[in-house]
Amino acid sequence: METSSPETLAKAYEFSEVEKKWYAVWQADKTFSAKMDPERDSFSIVIPPPNVTGVLHVGHALNNTLQDVLIRYKRMMGCNTLWVPGTDHAGIATQNVVERQLATENKSRHDLGRDNFIERVWQWREEKGGTIINQLKHLGCSCDWERERFTMDEGLSKAVRTVFVRLFKEGLIYKGDYIVNWCPRCHTALSDDEVEHEDKKGKLYHIRYPFADGSGHVVVATTRPETMLGDTGVAVHPDDERYAHLKEIGISLPLTDRTIPVVFDHHVKREFGTGALKVTPAHDRDDYEIGLRHKLEIMKIMDNSGVMNEAAGPYAGLDRFACRTKIVADLEAQGFLDKIEDYDHAVGNCYRCHTVVEPTTSLQWFVSVRPLADKAVAAVRDGRINIHPKTWDNTFYAWMDNIRDWCISRQIWWGHQIPAWTCDDCNHLMVEEVAPTSCQKCQSKNLSQESDVLDTWFSSALWPFSTLGWPEQTEELKFFYPTSVLITSFDILFFWVARMMMMGLHFLDEVPFKDVYLHALVRDKDGKKMSKSTGNVIDPLVVMAEYGTDALRYTMTAFAAQGRDIRLSEERIEGYRHFINKIWNAARFSLMHIDACDPAVTKDVQPATMALAHRWILSRLNKTITEVHASLAGFRFNDTASALYQFIWHEFCDWYLEWIKSDLYGEDAGKKAEAQTVLFTVLEAIVKLLHPIAPFVTEEIWHFLPGHRPTLMTESFPLANPAWDDQEAEESAELIKGVIGGIRNIRSEMQIHPSAEIEAFAICPDPLKQQRLQTHAPSIMGLTRTASLDVQASGTVPQGTANYIFEDIEIFVPLKGLIDVEKEIAKLNKNKEKLEKQAAQTKGKLSNEKFLSNAPDDIIAKENGKLDEFTLQLTKIDETIVRLQELA
RNA sequence: GGGCGGUUAGCUCAGCUGGGAGAGCAUCGGCCUUACAAGCCGAGGGUCACAGGUUCGAUCCCUGUACCGCCCACCA
């Protein structure tokens with residue numbers, strides 16, 4: 001198919017068509033499909049399933065790029081790789097979307113009824129649920145799409161039921177009337193971590209509660225005065241002498257005809273306010289617990305929508321906030337209001353709709369998490385699971401220590417309906433995987449299933465094994481579980497990651513993943529969270545369209561430094577687009593010269609006999625390969641990206657390609673063949689090394705390489721070859737690059753036109769260096785447009801030259817015209833100042849006895865070398881200054 | 001109230017286990033040198049937040065301070 005000749009490489013990389021073309025080919029050829037070859041290692045990742053309602057945002061882009069980098073790398077390393085894709089049914093979010101859709105038709109879900117509504121959600125999912133999956137494909141993700149799962153699909157639902165029933169029978173799931181976080185808008189309970197606390201400016205109301213015998217009053221403070229209607233007690237500290245006498249008297253609750261008791265509880269802080277606390281067990285978590293301890297009545301005063309109920313007496317029917325206003329007015333009017341203060345405090349909001357959450361008692365299902373959490377903690381402690389970066393360990397432990405039972409029931413329709421049935425006749429509760437047909441106790445056929453559904457996180461907690469077929473003992477499960485690594489954002493460490501650990505350890509007796517890599521949150525360039533309302537969102541889809549997918553992926557990888565938020569800026573993305581284009585052009589140039597190159601020959605590169613440029617680039621390539629492996633193993637993605645960037649642009653392009661041009665364009669067939677061979681070898685290695693980060697441009701280039709096979713995706717990833725390490729070549733190359741830098745500097749400073757030919761001289765006292773320079777003089781001349789280069793061990797500097805000092809080598813270029821003596825002297829003086837400073841510093845160290853006796857020998861030798869060099873350079877500078885002054 | 005992270009060039013950030021401060025962008029000067037002007041060559045720019053301590057030696061380790069950010073928490 002690739003009959004194209006190298007000449008057909010366009011002048012600039014056109015990503016759009018290339019991306020479409022190769023993704024389609026990869027999919028058609030099933031190169032993403034997992035294979036279970038027992039001879040090879042497995043490497044598996046389960047995707048953090050995006051919400052089915054989701055649209056790809058920059059966080060997804062980061063998360064999935066990193067996963068794809070690892071998957072592609074491991075695939076090329078010969079592993080059986082599996083990346084399981086899928087989406088989450090996202091209970092509340094999805095229900096909201098469909099309800100909004102219904103609202104446009106002036107309908108509510110109640111108009112449809114439960115079954116029809118759920119039908120409607122599935123229909124929505126059918127039509128719109130594939131959006132984010134297609135966007136992941138656009139991003140180049142090499143997921144095994146044949147194994148795409150959905151948390152509500154049949155297999156996963158079965159896993160959910162199995163887990164629920166087993167936990168129930170083990171006594172780890174229970175149903176009870178407890179205080180929960182209630183969203184009055186979503187009409188559902190929320191788990192603790194679905195509540196977001198936000199600091200708000202509020203008021204602290206101080207209310208006088210009269211003693212029942214009329215002998216006085218106590219002042220209590222509250223931020224929610226309407227809850228006083230549900231007060232069933234006042235609590236004070238047991239050791240608080242101020243209130244000891246109230247034990248027998250009681251409190252007459254304002255605006256009501258009730259008398260409530262005073263209880264004594266250690267929870268009360270004596271120093272806060274007056275040391276008296278109003279207790280509303282039905283609408284406050286602490287109060288609830290105080291109430292339990294003292295057997296106080298639980299009096300609910302609001303309904304599920306946050307509207308006051310009959311228990312609120314005359315206030316019934318008022319919204320909770322309207323009621324607050326009225327209560328305050330009434331208290332004021334009747335003289336019960338002591339004072340109102342401004343008060344900043346945290347208010348809990350529903351994480352979905354941001355409605356203020358109302359703590360309230362309600363009949364809910366809970367998981368006893370303590371025994372499960374202990375297993376997860378143990379796995380992290382003993383290293384069966386490694387969290388990266390490690391700094392999260394402590395946060396993880398702290399959270400797990402304080403974990404409370406997990407409220408798993410939600411009063412919505414979209415989700416896994418709880419597999420529990422109650423007998424309408426005898427009230428017997430049955431929890432079963434398969435719906436029972438009659439009551440196990442009284443044989444009645446009148447059974448009602450629990451109407452609540454499970455928290456979405458309940459099903460995603462099973463994701464690493466439910467997607468592999470559990471509870472069936474599938475081949476996949478045996479082969480790919482535990483998965484290799486989980487890559488996700490730290491903000492769902494507790495929502496999701498911890499719960500996967502608990503469930504995996506409990507049900508499979510094995511960790512769900514060996515490594516957890518937590519990446520940062522992507523923020524805007526000012527460090528603000530991206531949000532649609534502030535308009536600071538960088539849309540990855542727009543970025544891909546404008547800069548190309550590879551540029552986006554490279555940016556994400558380069559930014560993925562551990563332990564820090566990412567501030568994304570468009571300028572950086574643009575920079576990486578330039579890099580992708582640079583690669584393209586380097587390949588374009590290379591392919592103009594290596595089309596005749598026989599790949600069979602190039603497999604066995606023997607650098608030992610080759611010219612310096614080749615030995616040098618191969619040695620540098622080797623170091624780069626080593627760093628790529630090491631950094632990926634340590635999840636240092638940014639280091640991988642920068643090592644490749646540095647090598648490709650600043651070593652391969654800037655130096656190597658320029659260096660070998662003379663051979664490629666020259667007459668010497670031997671030299672030319674050698675250059676072609678190495679150029680091919682390095683270019684091939686580069687496209688392979690880059691492929692995990694930038695899959696599209698590399699695949700495209702690959703297909704222009706001689707002898708290429710069908711896809712780069714399954715080529716073997718480069719390994720370091722110790723035979724290519726060449727210290728001598730690296731030293732020589734550094735020397736030559738330094739001298740070239742010197743000559744170029746003179747050219748630039750003296751404003752010699754780049755095309756003008758010059759002559760150059762060098763005085764180099766070190767015999768080894770001198771020999772190297774003489775050997776490689778042609779290279780230096782070629783790269784600096786110098787007609788001649790004369791290297792001497794010593795000698796006098798002719799008049800009328802500009803000079804430059806590199807290490808112990810003095811380089812000078814005779815100038816035809818006059819040089820600007822003043823300018824030259826100024827430049828030298830500046831240089832001299834710097835050197836003197838450095839020399840003084842080094843001298844100081846070397847005259848310090850303690851340094852000499854304590855520092856390791858190699859450091860001392862290094863300092864001595866430095867001092868020699870500084871001294872020599874200073875001498876030369878002084879000589880030059882004198883010479884210039886004579887000239888003036 | 002606890003816990004965590006940050007403070008390095010004008011901007012955005014690297015800097016792994018302590019041994020002469022780096023990148024990208026931006027800036028200045030010179031180049032359309034037949035891979036690339038999305039480029040090439042050269043240059044300038046930093047008391048590594050502050051104060052102590054450990055060490056022969058600290059951007060790096062320890063203590064404290066100041067700002068900035070995040071997370072957790074039942075002071076009504």
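A, B, ... follow the sequence lines: proteins, then strands. Residue 1 opens every chain.
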* To do: For the side chain of A:K11, starting at C-beta, report the closest nucleotide among B:A37, B:A14, B:A76.
  => B:A37

* Whole angstrom value for the distance that separates P of B:G5 from CG of A:D491 -> 18 Å

* For B:A58, which nucleotide in any strand shown is its Watson-Crick or wobble partner with both distances under 3.5 Å? -> none

* Report the nucleotide, chosen from B:A35, B:C75, B:A14, that has the shortest atom-to-atom distance to any side-chain atom of A:K269. => B:C75

* Nucleotide forming a Watson-Crick or wobble pair with B:C4, both distances under 3.5 Å -> B:G69

* Mind checking who B:C32 pairs with, Watson-Crick or G-U wobble, both distances under 3.5 Å? -> none

* For A:Y804, which contact category applies under a 4.0 Å heavy-atom criterion: base, sugar-phosphate, or nothing? -> nothing

* To do: State yes or no: are the ring centers of A:Y645 and A:Y576 separated by less than 6.0 Å?
  => yes

* Asked: Nearest to the side chain of A:H650, which nucleotide is it out of B:A35, B:G19, B:A23?
  -> B:A23

* **Spacing between A:Y397 atom OH and B:G2 atom C1', to the nearest angstrom** => 20 Å

* From the list B:A35, B:C56, B:A76, which nucleotide is the closest neighbour of the side chain of A:A221? -> B:A76

* Across all strands shown, which nucleotide pairs with B:A23 by Watson-Crick or G-U wobble geometry, both distances under 3.5 Å? -> B:U12

* Proximity to the side chain of A:N581 - top-ranked nucleotide from B:C36, B:G42, B:A35 -> B:C36

* If you measure from the C1' atom in B:C25 to the same atom in B:G64, how many Å do you get, rounded? -> 37 Å

* Can you measure from CZ (A:R324) to CE (A:M228) and round to the nearest 0.5 angstrom? => 13.5 Å

* Out of B:A76, B:C74, B:A38, which has the shortest distance to the side chain of A:H267? -> B:C74

* OP1 or OP2 of B:G19 under 4.0 Å from side-chain N/O of A:K866 -> no

* Asked: When all nucleic acid strands are considered with a 4.0 Å heavy-atom cut-off, which category describes A:D858: base, sugar-phosphate, or nothing?
  -> nothing

* Rounding to a whole Å, what distance do you find between A:D286:CG and B:A76:P? -> 9 Å

* For A:T640 against A:L632, the heavy-atom pair lying closest together -> OG1-CD2, 3.5 Å

* Asked: Within the structure, does a side-chain N or O atom of A:N585 lie under 4.0 Å from either OP1 or OP2 of B:A35?
  -> no

* To do: Using the P atoms only, state how far B:C60 lies from B:A73, rounded to an integer number of Å.
  => 34 Å

* Asked: Does A:H578 make a side-chain N or O approach to OP1 or OP2 of B:G39 shorter than 4.0 Å?
  -> yes

* Asked: Quick one: is B:C40 close enough that its OP1 or OP2 comes under 4.0 Å of any side-chain N or O from A:K582?
  -> yes

* To do: Rounded to whole angstrom, note down the P distance from B:U7 over to B:U17.
  => 14 Å

* **Separation between the P atoms of B:G15 and B:C74, rounded to whole Å** => 35 Å

* Structure fact -> With the side chain defined as heavy atoms from C-beta on, A:F559 is closest, among B:G19, B:C74, B:U12, to B:U12

* With C1' as the reference atom in both, quote the distance from B:C61 to B:U54 in angstrom, rounded to an integer. => 8 Å

* To do: When you get a sec, tell me which of B:A14, B:C56, B:U12 is the closest nucleotide to the side chain of A:R572?
  => B:U12

* Asked: Can you tell me if A:H593 and A:Q676 form a side-chain donor-acceptor pair at under 3.5 Å?
  -> no

* Asked: For A:Y288 and B:A76, is the shortest distance between a side-chain N/O and OP1 or OP2 below 4.0 Å?
  -> no

* Inter-nucleotide C1' distance (B:G53, B:C67), Å rounded -> 23 Å

* **Side chain A:H283, main chain A:I301, donor-acceptor under 3.5 Å** => yes

* To do: Find the partner of B:C48: check Watson-Crick (N1-N3 plus N6-O4 or O6-N4) and G-U wobble (N1-O2, O6-N3) distances, both under 3.5 Å, and reply none if neither fits.
  => none

* Closest-nucleotide ordering on RNA chain B, the 5'-leading residue of A:Q841 and A:F579 -> A:Q841

* To do: Starting at atom CG of A:D287, determine the distance to atom C1' of B:A76, rounded to an integer number of angstrom.
  => 7 Å

* **Backbone of A:K850 reached by a side-chain donor or acceptor of A:N854 within 3.5 Å** => yes

* Separation between the C1' atoms of B:C32 and B:A26, rounded to whole Å -> 23 Å

* To do: Just call it for A:K661: base, sugar-phosphate, or nothing, with non-hydrogen atoms closer than 4.0 Å on any strand.
  => base

* Look at the side chain of A:K862 and decide which nucleotide, out of B:G19, B:C40, B:C36, has an atom nearest to it. => B:G19

* How many Å lie between CD on A:Q646 and C1' on B:A14, as a whole number? -> 11 Å

* Structure fact -> Here the distance between atom C1' of B:G29 and atom CZ of A:R747, to the nearest Å, is 16 Å

* Look at A:N745 and B:A43 and indicate whether a side-chain polar atom (N or O) is within less than 4.0 Å of OP1 or OP2. => yes

* Looking for any heavy atom pair under 4.0 Å, which part of the strands does A:L657 touch: base, sugar-phosphate only, or nothing? -> base

* Can you tell me how far C1' of B:G39 sits from CD of A:E574, to the nearest Å? -> 14 Å

* Asked: Has A:K661 got its NZ or CZ under 6.0 Å from the middle of the six-membered ring of A:F589, at an angle within 45 degrees of the ring axis?
  -> yes

* Structure fact -> Closest to the side chain of A:P754, out of B:A35, B:C56, B:C31, is B:C31

* Asked: Donor-acceptor pair, A:R285 side chain versus A:P359 backbone, under 3.5 Å?
  -> no

* Between A:W399 (CH2) and B:G2 (C1'), how many Å, whole number? -> 18 Å

* Hey, is the main chain of A:T280 close enough, under 3.5 Å, to the side chain of A:D287 for a donor-acceptor pair? -> yes

* **Separation between the P atoms of B:A38 and B:G44, rounded to whole Å** => 26 Å

* Asked: Heavy atoms under 4.0 Å, any strand shown: does A:A586 hit a base, just sugar-phosphate, or nothing?
  -> base

* Can you tell me if the side-chain N/O atoms of A:K850 get under 4.0 Å from OP1 or OP2 in B:U55? -> no

